[in-house]
2 protein chains.
Amino acid sequence: MADRARRPTLADVARLAGTSTAVVSYVLNDGPRAVAPQTKAKVEQAIAELGYRRNPLASALMAGRSNLVGLLVPDSSNAFFSELAREFEREGKARGFLTLIGNTAYDPAVELDYERAFADLRPRGIFVTSITGDAESLDGCPRIYVHSAPAGASDPCVLFDDVGGGIAATRHLIGQGYEDIHCIAGPDDFGPSGKRERGWQKAMSEAGLTTEGRLHRVSFERLGAENALRPLLAKPGRPRAIFATTDEQALAALRAAAEARLTVPKDIAIVGFDGIREALNGSSRLTTFALPLAELARRAFEVLDGWNAADNPSHIIAGALQRGETS
Amino acid sequence: MADRARRPTLADVARLAGTSTAVVSYVLNDGPRAVAPQTKAKVEQAIAELGYRRNPLASALMAGRSNLVGLLVPDSSNAFFSELAREFEREGKARGFLTLIGNTAYDPAVELDYERAFADLRPRGIFVTSITGDAESLDGCPRIYVHSAPAGASDPCVLFDDVGGGIAATRHLIGQGYEDIHCIAGPDDFGPSGKRERGWQKAMSEAGLTTEGRLHRVSFERLGAENALRPLLAKPGRPRAIFATTDEQALAALRAAAEARLTVPKDIAIVGFDGIREALNGSSRLTTFALPLAELARRAFEVLDGWNAADNPSHIIAGALQRGETS
DNA sequence: CTGTTAGCGCTTTCAA
DNA sequence: TTGAAAGCGCTAACAG
């Protein structure tokens with residue numbers, strides 16, 4: 001029976017191959033110095049024989065950086081963030097990184113805590129969908145804001161065109177002939193939801209329509225939103241059309257509408273935002289402004305690739321309205 | 001301007017406190033040796049002054065184990081696994097661990113790959129919802145199967161009572177007077193879905209009901225399942241009641257029923273399994289056998305706590321039927 | 001082309 | 001109670 005946790009080391013490989021640890025390292029890393037084909041063969045033979053695997057902790061300690069990346073989201077069990085996280089993990093894996101995941105639970109203190117704990121592991125970078133107003137330096141660990149960033153962020157951002165999306169969604173409803181278009185937004189006007197809300201406002205005022213009394217601040221969470229929307233849809237002067245800043249809220253509106261015995265889109269039209277799978281393929285196909293999450297992940301990793309001590313590019317990614325059954 | 005990535009080390013702290021690195025380490029770890037209160041104060045002062053943070057890579061290299069845990073799931077963007085992952089991350093954080101996440105995409109080769117890559121980081125343990133038939137040793141890295149395990153697993157398992165749940169769900173339908181109860185199962189009879197299917201079979205035969213021609217193998221994925229179920233529900237001899245082995249499939253059945261203009265539960269009753277949020281709080285509240293994911297996570301970490309080189313306990317966790325609007 | 005060796009930052013003997 | 005020093009496993013100068 002083998003020793004429970006004893007794994008072969010570089011030195012073991014070198015010994016078996018009859019060479020030095022340096023050479024083994026050169027073979028493993030294909031550099032920085034060349035190795036004679038014969039020696040190389042012997043080393044590879046020894047590696048295979050011992051089933052050697054490099055200890056990434058030692059490499060990382062030496063190099064000052066690990067093969068990890070961190071991802072911080074508010075709530076990875078929320079459909080949107082879980083789909084986002086999946087894309088980051090996929091893209092990271094394709095590039096040889098392992099992904100650390102952290103849920104900030106919409107709490108800035110937790111976000112900070114996690115940023116520090118991740119940064120301590122000297123990851124290649126940390127992707128943050130931030131819910132914080134400002135941020136501290138991570139001592140040289142690259143931080144890239146994705147999907148959501150603090151206002152005057154000094155770190156690079158890869159964001160969606162939330163304002164443009166809000167405009168497009170609203171214009172779509174206006175184009176259908178609706179005028180009484182209400183906006184279901186988040187609890188405050190921060191972050192992506194706030195920008196989508198401003199897009200709605202812009203499109204409305206461009207069309208000469210008032211937003212007065214048509215903005216509703218509700219929870220991002222399905223049940224909370226539904227409870228808040230029920231009375232709105234039950235009363236006589238109910239909206240004829242709704243732009244919800246997230247699909248989660250649009251789905252809540254859909255349910256509230258069903259409870260109020262309203263037919264969608266005849267009695268009320270609903271447009272969402274995000275393009276989560278449940279919206280696109282759920283029991284009612286929502287009209288929604290869909291976001292390309294795979295592209296978000298790709299672009300974010302590209303920023304990491306080209307990381308530069310001085311300054312780094314930010315990106316805005318476009319989405320597209322997906323016409324469903326609700327508008 | 002400070003050097004970009006230069007962080008203070010133990011040696012810096014020791015120098016500033018006018019003591020040795022050993023003593024600083026004793027203070028940091030509150031052991032293994034005692035330190036004079038005065039010295040301790042000076043060290044703590046120096047730590048605060050420098051903003052020192054321990055390098056966990058160095059600690060882990062030394063100790064042979066890190067502050068990480070790994071979690072492998074087939075698809076973390078699937079609602080069930082995303083809720084499961086969230087609970088593991090939460091529980092891990094509460095215990096001071098950082099969580100690595102990996103998606104196996106239902107591919108045994110990827111599962112193996114990830115297990116090895118995670119194990120290389122010397123994590124405290126790896127939690128696996130396995131889709132593989134068998135597994136290799138991880139060289140001393142604890143592996144705990146959660147929710148789904150290979151048949152003759154030699155590693156400890158924390159599982160749900162899938163057979164019991166299948167029985168309970170089926171008996172519930174039988175209790176409602178249904179006899180023509182069909183089972184919507186996964187593509188094969190492996191894993192949790194297979195056990196739930198066997199529960200259905202058991203309850204049916206106990207009640208003297210036939211399962212002949214009433215088992216349907218469909219995809220776990222919403223759209224695939226829906227496509228497969230549409231013809232089943234459209235034809236004249238359609239089932240009067242359905243037990244779906246996952247909520248995802250139950251939701252697909254619900255949608256197919258709606259398309260076939262069937263009223264639930266009048267025309268057809270549907271019972272799901274898992275208790276994902278969309279099932280419990282979605283646009284139709286599903287009757288479903290709900291699983292306590294937080295308890296799964298807690299029990300899994302407890303097994304890790306009590307890890308024993310020789311053998312480790314396995315656990316079976318009970319679920320409970322949640323009555324919704326669909327039965 | 002290859003071997004020796006000095007660390008990366010931390011923990012823990014061993015000696016004082 | 002403390003300090004010096006030997007590693008954990010790997011990388012990369014430096015010197016052959």
Side-chain angles (χ1 to χ4, degrees), chain A residues 3-44 46-47 50-67 119-123 139-141, chain B residues 3-44 46-47 50-67 119-123 139-141:
Chain A
D3 189 16
R4 186 168 149 288
R6 168 68 181 162
R7 293 171 171 227
T9 72
L10 254 198
D12 296 325
V13 175
R15 205 170 305 123
L16 183 59
T19 181
S20 71
T21 59
V23 168
V24 178
S25 173
Y26 299 153
V27 171
L28 278 175
N29 303 321
D30 201 19
R33 312 221 77 79
V35 175
Q38 257 195 8
T39 325
K40 187 170 174 176
K42 273 198 295 200
V43 169
E44 281 166 345
I47 287 177
L50 293 172
Y52 169 80
R53 310 205 91 215
R54 184 209 310 263
N55 182 335
L57 293 172
S59 297
L61 176 60
M62 188 65 212
R65 62 182 204 173
S66 61
N67 60 338
D120 286 344
L121 285 163
R122 309 297 191 272
D139 279 313
C141 171
Chain B
D3 190 16
R4 187 166 146 289
R6 168 68 181 159
R7 292 171 171 228
T9 71
L10 253 198
D12 296 325
V13 174
R15 206 170 306 122
L16 182 60
T19 180
S20 71
T21 60
V23 169
V24 177
S25 173
Y26 299 153
V27 171
L28 278 175
N29 302 322
D30 200 19
R33 312 220 76 79
V35 174
Q38 256 195 7
T39 324
K40 187 170 175 180
K42 273 199 295 201
V43 168
E44 280 166 345
I47 288 176
L50 293 172
Y52 170 81
R53 310 205 91 216
R54 184 207 314 260
N55 182 334
L57 294 171
S59 297
L61 175 60
M62 189 65 211
R65 64 181 202 173
S66 60
N67 60 337
D120 286 344
L121 285 162
R122 311 295 192 271
D139 278 313
C141 171

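Sequence lines set the chain letters: A, B, ... in the order given, protein chains first and strands last, and positions in each chain run from 1. Note: hydrogens, waters and symmetry copies are ignored here, and every other heavy atom, side chains too, is used.
In terms of heavy atoms, A:Ala46 sits closest to A:Ala17 at CB-CB, 3.9 Å.
Listed by chain and number, the residues in a side-chain hydrogen bond (donor to acceptor under 3.5 Å, both in side chains) with A:Asp120 are B:Arg7, B:Arg53 (sequence neighbours excluded). For A:Thr19, there are no side-chain hydrogen bond (donor to acceptor under 3.5 Å, both in side chains) partners two or more places apart in sequence or in a different chain. Residues that satisfy the side-chain hydrogen bond (donor to acceptor under 3.5 Å, both in side chains) test with B:Arg33, not counting sequence neighbours, are absent from this structure. In this view, B:Ile47 and B:Val13, B:Leu28, B:Val43, B:Tyr52 satisfy the side-chain contact (heavy atoms from CB on, under 4.5 Å) rule, not counting sequence neighbours. Evaluation of the side-chain hydrogen bond (donor to acceptor under 3.5 Å, both in side chains) rule for B:Arg54 yields B:Asn29 as partners, not counting sequence neighbours. By the salt bridge (charged side-chain N to carboxylate O under 4.0 Å, His left out) test, A:Arg15 is found to be paired with A:Asp12, residues two or more places apart in sequence or in another chain being considered. Legend: residues meeting side-chain contact (heavy atoms from CB on, under 4.5 Å) with B:Asn55, ordered by chain and number and at least two apart, are A:Leu61, A:Arg122, B:Leu57, B:Ala58.
Residue pairs meeting the salt bridge (charged side-chain N to carboxylate O under 4.0 Å, His left out) criterion with at least one member in residues 17-26 of chain B: none, sequence neighbours excluded.
Distance alone, capped at 3.5 Å, is enough to place a donor-acceptor pair between the A:Ser66 side chain and the A:Leu121 backbone.
On the nucleic acid side, DNA chain D has its first and last nucleotide under 4.0 Å of a heavy atom of chain B at D:dT1 to D:dG9, going 5' to 3'.
The residue A:Val24 sits apart from the nucleic acid: no heavy atom pair falls under 4.0 Å. Residue A:Ala34 is classed as a base contact, given a heavy-atom separation below 4.0 Å to a base.
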Across nucleotides 7-16 of chain C, 5' to 3', mark each nucleotide with B, S or - according to how protein heavy atoms within less than 4.0 Å reach it.
BBBBBBB---

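For the helix from C:dC1-D:dG16 to C:dA16-D:dT1, the rotation axes defined at the first and last 5 base pairs enclose an angle of 50°, given to the nearest 10°.
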